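From a predicted model like this one, the values you see are computed outputs, not experimental measurements.
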Amino acid sequence: LGFGTIMPPTIVHEDPSTAPGRMCIEIFGKGFEKFKICHLTTADKIGVEIFEFPNNPKDLPPFAPSKPGLFHFCVQNPDVEGLVKRIIAGGGKQTSSICSYTSGEKTFKMVYVQDPFGNAIEIGSHSYELMATPTNPPKSGEKPQ
């Protein structure tokens, strides 16, 4: 997804004799035994933490945008098609077609995917600020290409 790695995948054990163990017992309660965590950062220094618990389900949950909680997050990558292929190769899936629209001189692309854990991710070809600016949305009734 283009994130930088701050801390590679690391196993944290339910161990009250260590600071990470105590902190995670405080957060998750007793009984988690261990999990894997990875700390990542976006280009604009927003932190992203990925957790993997040993008993995670192996099948992707259904795409459910109306479920409570976080629906999706958006990343920028000029190679939308290439990133979609890498996500699928890694066990994720594409949940929408690649939509494109032109505003002025720029053509914007976006698509929704699920990562291997079922998290919904929107991939945009340009910065979020540029794509979300009110002068750039598709015209009413315009079909995605």
(message) To the closest 0.5 Å, what do you measure between NE2 (His126) and NZ (Lys109)?
(response) 10.0 Å

Under 3.5 Å, which donor-acceptor pairs link side chains of residues 4-17 to any protein atom two or more places apart or in another chain?
residue : atom : partner : partner atom : Å
Thr10   : OG1  : Pro8    : O            : 2.7
Glu14   : OE1  : Gly31   : N            : 3.1
Glu14   : OE1  : Phe32   : N            : 3.1
Glu14   : OE1  : Glu33   : N            : 2.8
Glu14   : OE2  : Gly31   : N            : 2.9
Asp15   : OD1  : Ser17   : N            : 2.9
Asp15   : OD1  : Ser17   : OG           : 2.6
Asp15   : OD2  : Ser17   : OG           : 3.2

(message) Would you say that Thr41 contacts Val48 through its side chain, given a criterion of any heavy-atom pair below 4.5 Å between the two side chains?
(response) no

(request) Check the pair Phe3 / Thr42 against side chain to side chain contact (heavy atoms under 4.5 Å, CB included), numbers first and verdict last. (result) CA-CA 5 Å; Phe3 295 141; Thr42 65; 3.4 Å; yes

(request) Measure across Thr107 and Ser125 and return the closest heavy-atom pair with its distance rounded to 0.1 Å. (result) O-OG, 4.1 Å

(message) On a heavy-atom basis, which atom in Gly90 and which in Pro116 lie closest, and how many Å separate them?
(response) O-CG, 3.2 Å

(request) Answer yes or no: does atom CD of Glu26 have more than 12 heavy-atom neighbours from other residues, nucleotides or ligands under 6.0 Å? (result) no

(message) Would you compute the distance between atom SG of Cys99 and atom CD of Glu122 and round it to the nearest 0.5 angstrom?
(response) 9.5 Å

(message) When you group the ILVMFWY residues by side-chain heavy-atom contacts below 4.5 Å and let the links chain together, are Ile50 and Ile37 in the same group?
(response) no

(message) I'd like to know whether Asn119 forms a side chain to side chain contact (heavy atoms under 4.5 Å, CB included) with His72, so could you lay out the CA-CA distance, the side-chain angles of the two residues, the decisive distance to 0.1 Å, and finally the verdict.
(response) CA-CA 7 Å; Asn119 298 303; His72 77 285; over 6 Å; no

(request) Report the distance from atom SG of Cys38 to atom CZ of Phe51, rounding to the nearest 0.5 Å. (result) 10.5 Å

(request) Working to the nearest 0.5 Å, report the span between OG of Ser100 and NZ of Lys106. (result) 15.0 Å

(message) Is it the case that the ring center of Phe28 lies less than 6.0 angstrom away from the ring center of Phe53?
(response) yes

(message) What's the separation between atom CZ in Phe35 and atom CD in Glu52, rounded to the nearest 0.5 Å?
(response) 11.5 Å

(request) Could you walk me through whether Ile98 and Glu81 pass side chain to side chain contact (heavy atoms under 4.5 Å, CB included), step by step? (result) CA-CA 8 Å; Ile98 295 174; Glu81 294 86 352; 3.6 Å; yes

(message) I need the minimum non-hydrogen distance between Arg86 and Asn77, along with the two atoms involved.
(response) NH2-ND2, 3.8 Å

(message) Among Leu83, Thr95, Val75, which residue satisfies the side chain to side chain contact (heavy atoms under 4.5 Å, CB included) criterion with Ile121?
(response) Val75

